[in-house]
Amino acid sequence: MLYQDILDRIHAEIVPTLPQGRVADYIPQLACVDERKFGMALYDVDGHFASVGDADERFSIQSISKAFTLTQAMRTADEQLWQRVGREPSGSSFNSLVQLEYENGIPRNPFINAGALVVTDIVLSQLGDAKVALRDFARRLSGAEDVDYDLTVAGSEARLGYRNAALAYFLKSFGNLENHPDAVLDAYFHHCSLAMSCRELAKSFMYLARHGANSDGEVITPSQAKSINSLMLTCGTYDAVGAFAYSVGLPAKSGVGGGIVAVMPGRFSLCVWAPGLDNRGNSLAGSQALERFATWTGESIF
Ligand code: GLN
């Protein structure tokens, strides 16, 4: 399969549509990102690589980090985790408060903000310094030693993250955080601020395409890799997950920085970045690019 040709064709078709999306504006650092940016990068299990556009430019990975923290929590506390977080699509916005009230402080899944806060709490309890742990994990997976947090983004998230603060304190009131909410929020905001490129993210997610292993050994078990891919398929793109599965048919995790990573188990890992979002918070052009990719290559899990 000539992935490079396909990415080039997608690039040519998508670039004119880029201004249609709307960049996230809840913090100034995301509001000023150029909406005309577009990149894609793909690694396959045979070692092939293809990329197009701004594939080497780092961006704010935001909720894509939730897949990394989930992986870390499953490595250390797989049993405990599922008593505190569900595994169902939320059908609500990713930062909903009402659902948490109705469901007694048990978040629907690890990819909505409330779920990720519980996962972060577990990582904090298990690994001590959750900030260093996640940064080092991302460095190891990507092979890029200088991957780091964008401290200006992390600072803004903390200063303006009233809704996340509400979620964390609400979780604490239900007894579903072990650590102080401020400590959990601090780690969570840093995780969201991790800056990585399409190439680095595509490489990092290869363990999910390779049944849990990357080039230097097992990251998680094959069964855990299957579970994370299943959760990405059913919960990875917020409350647009049904439409996304319908049109793309690949497990994927998105972030409000405009990145989406999609995985074809046994075949490849693919990352797209286009900062303009749709009204659910997924990259608009990124979703369209993945739909074209799946249709033109015929590669989907179905
Ligand atoms: N920092 C964002 C938040 O916590 C991340 C959300 C996202 O990417 N969906 O609201």
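Atoms within a ligand are numbered from 1 in the order they appear, just like the ligands themselves.
Heavy atoms of N95 found under 4.0 angstrom from ligand 1: none, in either backbone or side chain. For R163, no heavy-atom contact with ligand 1 is shorter than 4.0 Å. Neither the backbone nor the side chain of F189 has any atom closer than 4.0 Å to an atom of ligand 1 (non-hydrogen atoms only). Proximity of S63 to ligand 1, defined as any heavy-atom pair under 4.0 Å, is shared by backbone and side chain alike.
Checked for salt-bridge contact, E178 and R84 meet the test: a charged N lies under 4.0 Å from a carboxylate O. The existence of a salt bridge linking D278 and R22 is excluded, since no basic side-chain nitrogen approaches an acidic carboxylate oxygen closer than 4.0 Å. Ion pairing of R58 with D146 is present here, as a side-chain N (NZ or NE/NH1/NH2) and a carboxylate O approach within less than 4.0 Å.
If you number the atoms of ligand 1 from 1 as listed, the ones under 4.0 Å from a heavy atom of N164 come out as 3 (C), 4 (O), 10 (O). Remark: ligand 1 atoms within the under-4.0 Å shell around heavy atoms of F94 are 6 (C), 9 (N), 10 (O).
Remark: the backbone N or O of Q72 is paired with a side-chain donor or acceptor of T76 at under 3.5 angstrom. N109 places no side-chain N or O within donor-acceptor distance of the main-chain N or O of P89, the cut-off being under 3.5 Å.
The N/O atoms of Y188, backbone and side chain alike, include one that comes under 3.5 Å of an N/O atom in ligand 1.
Between F205 and F68, the distance from one ring center to the other falls under 6.0 angstrom.
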